[in-house]
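Reminder, nothing fancy here: chain letters follow the sequence lines and each chain counts from 1.
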Amino acid sequence: MSNIPSKYNPNQTEDKWYQFWEENNFFHAEVDEKKKPYCIVIPPPNITGILHMGHALNSTIQDILIRFHRMQGYATLWMPGTDHAGIATQNVVEKEIQQEGRRRHDLGREKFLDRTWQWRQKYGSTIIAQLKKLGCSCDWPRTRFTMDEQYSIAVAEVFIQLAQKDLIYKANYIINWCPRCQTALSDEESAHKEVKGNLYYIRYPVVERTSKEADNQLNYVVVATTRPETMLGDTAVAVNPKDKRYKKLIGKSIILPLVNEEIPIIADSAVDPKFGTGIIKVTPAHDPNDFEIAQRHGLFAKVIMNADATMNQNAPLDYQQMDRFEAREAVLGDLEERGLLEKTVPHQHSVGHCYRCHTMVEPYLSEQWFVDMPKLGNPASEVVKDGKINFHPARWRKVYLNWMKGLRGWCISRQIWWGHRIPAWYCLNCKKVYDLTRKNKKVLPSEKIDLAEAGIMVSLENPKFCPKCGGTEIRQDEDVLDTWFSSWLWPFATFGWPGLGKKEQAELNYFYPTQVLVTAQEIIFFWVARMIMAGMHFMKEVPFRDVYIHGTVRDITGTKMSKSLGNIIDPLDIINQYGCDALRFSIISLVATGQDVFLSKDKFESGRNFANKIWNAARFIMINLDEKKVNVDLCVFAKGITELKDKWILSRFYRTLDSVTKSLDNFRFNDAARTIYEFFWHEFCDWYIELSKKDISKAATQVVLYKVLEKTLRILHPVMPFITEELWQNLPHQGESIMQSSWPHLQKDFIDKKTEDQMQAIISCITALRNIRAVWQIDPAKKVEVKICLTRKSLQDLLNSHAGYIKDLAKIETLEIGQKLKRPKSCAVAVMADTEIFVPLAGIIDVKKEAKRLKEKIHNLENILQNSQRKLRNKQFLRKAPKEIVAQEKEKSKQLKESIQKLKDNLKGFK
RNA sequence: GGGCGGUUGGCGCAGUUGGUUAGCGCGUCACGUUGACAUCGUGAAGGUCACAGGUUCGACUCCUGUACCGCCCACCA
């Protein structure tokens, strides 16, 4: 035992214990009807992900909850897994292929998917290995992947069920298109950013029917646009119907410059007369607003771009194949040349960007699949309104409900290959006919497609023939589903839903609904809201009871940590340098509920220092421990605990336990961490261990040292799993692992206010004496005599019986305690209401200086006294304030007076 | 345009239903190595709690407004 190193070395212990836990299956949970279930599903990290501080925070919080509840006797399951991350993974593999000088279409779908699976095989579990370094106690054998066979069936099943209820539909609609990824995106995947651009004022010549009109000088209208290239797809010009300036124009038409087509001038209330010229160009295929106007007016939509945002054959020949930005310059140049560009004004506006590759999103009219969000949203709003699901902090509830109010169709089809292929099949014959008739009928662009009519079949299996025409030329939809279309099933699909064997069903019944979902704010809309929708629709029950939203991890300047900015602090570096427990403790103490965390490397020192402190306190105890003495039941042994210090530390421990338990129950992780820190360091180490050194061999001291340490390690275990295990294993213990031990039971009998007050009085005396020693710079070796003069007998008795504490910790040679002691000459003085402390310091003390010190103290106390007395003179206060408060104030005033009087008396002695 | 969060000693932060002489960590200063720990110990200095009103016997805490910083949402042509 005595060869324990004085420095804690985390690297040697962490991997050892993690392996031990995993090998012994301690993370495993199963149905146990004797226990209550407690389940958290991990927010599945992307397989492309590498560990960052966000994961560290997110995972630490979950692991604390999991270990805490496991120790409390719940059947505790932390369900792990990863997300296939459609676009992100596809991009990574495409890049890899690109380096070989090829593109994905060169490989073809099948080979590309093979490559992606290979990639996943090789790198896809990196993040899992990294989560293990964080100490996460997930039930790893259950690890799910959103593209597992079983899971994929769930995804297809959900698609089919929703399609059958018309909750999924296909439509020609304007969506967010990423020209680089060449796929549709949902609204959430298009991140709005402020962009500096220009507002271009363009003249559109009005068609004049009569010669009279032709004489008019003002034979054009001016539209303002930020995106002049889209004018090639204009199908109307619009003004506000109430705008008197342009009333005459309504019903006329203009000649679209560069295109030379005649298009109408219409009236629509969506036009803001105050913006620009009050006249807008209408480009239904490339602007969401214009698309809606087109719907209202039955306008045609002209798509003028290819999938890569180059101009297509619908644009005039000169512009075809030009990129959209190139086309913008060309259009502007041509307009300028024709005298049609009136002016250019700088203009800042917000533009959508692809959340995966940051390319500017193009609003793009195309045929896509949608989920009817407004319908699914209702029950999902209700359960939050009802309090069946609670957000922590509560303010997110409002954010959530507000978002739910504005739901629109969720575009779920993606034109990529990596993902769940849409379980829809097309009868080529019927679809062709359907499209043709629609074209001829001039069907409005947004109208939903009638699946049966169009020969579109939704099913798990490839249909043999078309039920409508009997045709056998059938092709599956080329697209895959949005990644979030699989993640939203996570809380139940991970259990094997839609259900195979009895075991899976029993597990789902037992663990669903799960307890808490822990995530960051930016995921609320993407994922949390959708999980609630899916849970309510398919399980008829909420997916979780509580949603804990933690802050975002930022660097010390407040910038979000990101790889591209190079401001990342790698959790693995921190673990190597300081240890995992230090990382966990530091990060958890820094995060007040829901507040963002500003990190710098040195902030992890506090965790490391604390770990080292724990290590050394335990080391001291282990060196001195007589194992035979401590194997007792604390409650049975309680009668043998009579000493103040022992009763005091037990009282303090149980208060700490109570507070920590409550904090963890209320998701106040930083409070829990700080409370333990405060207790362990500044009560147990600073006072109890110091006092115990004198009677280290006494049975009571031995028992208390051991019990308090062992129990503190247990309540610390959820936050610092490794060091607590290492030390616990080296102490006498029952059971195989601290993680399987029980959360200490709150023994209220040990909590005693009187004991704490008494100890506090002694601590105050010691602190006052240390203060005097420091002020007068008394050599530590110097032997000091002290007189303590009390006004109360009870206090005198207390100090008398604990003179040893004072002597030891304040380093006092002789101590005289009495009620009416004479003040020595040339002494330093400390005063507390009913206590005077005299330290004779002839030859050391400077009388003037000491007098000055006392005066300052008097001055301070008098200020406080004045405030207190002002209150007590206030009749309103006396009448309205609660009795206890008034009594408290009177007592305070009395004590202050006593102190001041004593100080003044002493001051006289200096004159 | 709407919503939310923040503003507490040099720095980073706590402060849960209004009543504390406003706390903690780092840093600073002074002293200290008698064997748990210098990743340590002891003591000290340092704040009119962003600003202005209001409610109240009493406001860091509740209400209103202002300023600055940050975030989110919105179909800003």
Ring centres under 6.0 Å, that's the criterion: do Phe391(A) and Trp396(A) meet it? no
> How far, in whole Å, is A50(B) from G10(B) if one measures between their P atoms?
Replying inline: 13 Å
Against the side chain of Ser606(A), the closest entry in G25(B), C76(B), G43(B) is G25(B)
Residues pairing under side chain to side chain donor-acceptor pair (under 3.5 Å) where one sits in residues 269-279 of chain A, two or more places apart or in two chains, turn out to be none
Regarding the side chain of Asp671(A), the nearest nucleotide among G19(B), G25(B), A14(B) is A14(B)
Those residues at least two apart in sequence (or on a different chain) that pass side chain to side chain contact (heavy atoms under 4.5 Å, CB included) with Lys343(A) are Tyr201(A), Val345(A)
Among the nucleotides G19(B), A14(B), C72(B), whichever has the atom closest to the side chain of Asn670(A) is A14(B)
_Using atom C1' in both nucleotides, what's the gap between C51(B) and A59(B) to the nearest angstrom?_
16 Å
* Asked: If you measure from the P atom in U61(B) to the same atom in G6(B), how many Å do you get, rounded?
  -> 13 Å
For Phe667(A), the ring-ring contact (aromatic ring centres under 6.0 Å, His included) test, sequence neighbours excluded, returns His392(A), Tyr548(A)
Determine the interatomic distance between C1' on A36(B) and the same-named atom on A44(B); round to the nearest Å.
26 Å
Pick out the pairs of N or O atoms, protein on one side and nucleotides 21-23 of chain B on the other, that lie under 3.5 Å.
unit_1: U21(B); atom_1: OP1; unit_2: Lys892(A); atom_2: NZ; d: 3.0
unit_1: U21(B); atom_1: OP2; unit_2: Lys892(A); atom_2: NZ; d: 2.8

- Query: Between Glu850(A) and Lys852(A), is there a side-chain N and carboxylate O pair less than 4.0 Å apart?
  - Reply: no
Give every pair of a protein N or O atom and an N or O atom of nucleotides 4-7 of chain B that lie under 3.5 Å apart, one pair per line with the distance.
unit_1: C4(B); atom_1: OP1; unit_2: Lys398(A); atom_2: NZ; d: 3.1
unit_1: G5(B); atom_1: O2'; unit_2: Gln595(A); atom_2: NE2; d: 2.9

By side chain to side chain contact (heavy atoms under 4.5 Å, CB included), Leu878(A) pairs with (sequence neighbours left out) Leu872(A), Val886(A)
inquiry  = With a 4.0 Å cut-off on N to O distance, would you call Arg668(A) and Asp671(A) a salt bridge?
reply    = yes
Base, sugar-phosphate or nothing for Gln521(A)? Non-hydrogen atoms, less than 4.0 Å.
sugar-phosphate
Residues at least two apart in sequence or cross-chain that pass side chain to side chain contact (heavy atoms under 4.5 Å, CB included) with Asn624(A), listed by chain then number, are Phe620(A), Ile696(A)
In numerical order, the residues of residues 185-196 of chain A whose heavy atoms come under 4.0 Å of RNA chain B are Glu194(A)
Test: Glu889(A) and Lys894(A) ion pair at under 4.0 Å
no
Can you check whether His682(A) has a side-chain N or O nearer than 4.0 Å to OP1 or OP2 of G25(B)? yes
Note to self: Before we go on, tell me: are the rings of Tyr173(A) and Tyr364(A) under 6.0 Å apart, centre to centre?
What the structure shows: no
Please check this pair: side chain of Asn240(A) against backbone of Val271(A), looking for a donor-acceptor N/O pair closer than 3.5 Å.
yes
d(Met373(A) CE, Asp187(A) CG) to nearest 0.5 Å is 9.0 Å
Stems for RNA chain B (at least 3 consecutive Watson-Crick or G-U pairs, under 3.5 Å) come to B:1-7 with B:67-73, B:10-13 with B:23-26, B:28-32 with B:40-44, B:50-54 with B:62-66
Given protein heavy atoms under 4.0 Å, the one-letter contact record of nucleotides 28-40 of chain B, with B base, S sugar-phosphate only and - none, is simply --SSS-B-BB-BS
Q. When you check the gap from the basic side-chain N to the acidic O, do Glu813(A) and Lys807(A) get nearer than 4.0 Å?
A. no
Applying side chain to side chain contact (heavy atoms under 4.5 Å, CB included) to Tyr706(A) and not counting sequence neighbours gives Leu625(A), Val630(A), Glu710(A), Leu731(A), Pro732(A)
By salt bridge (charged side-chain N to carboxylate O under 4.0 Å, His left out), Asp686(A) pairs with (sequence neighbours left out) none
Parallel, tilted or perpendicular: ring planes of Phe610(A) versus Phe585(A), cut at 30 and 60 degrees
tilted
With rounding to whole Å, what would you report as the distance between G12(B) and C73(B) at their C1' atoms? 30 Å
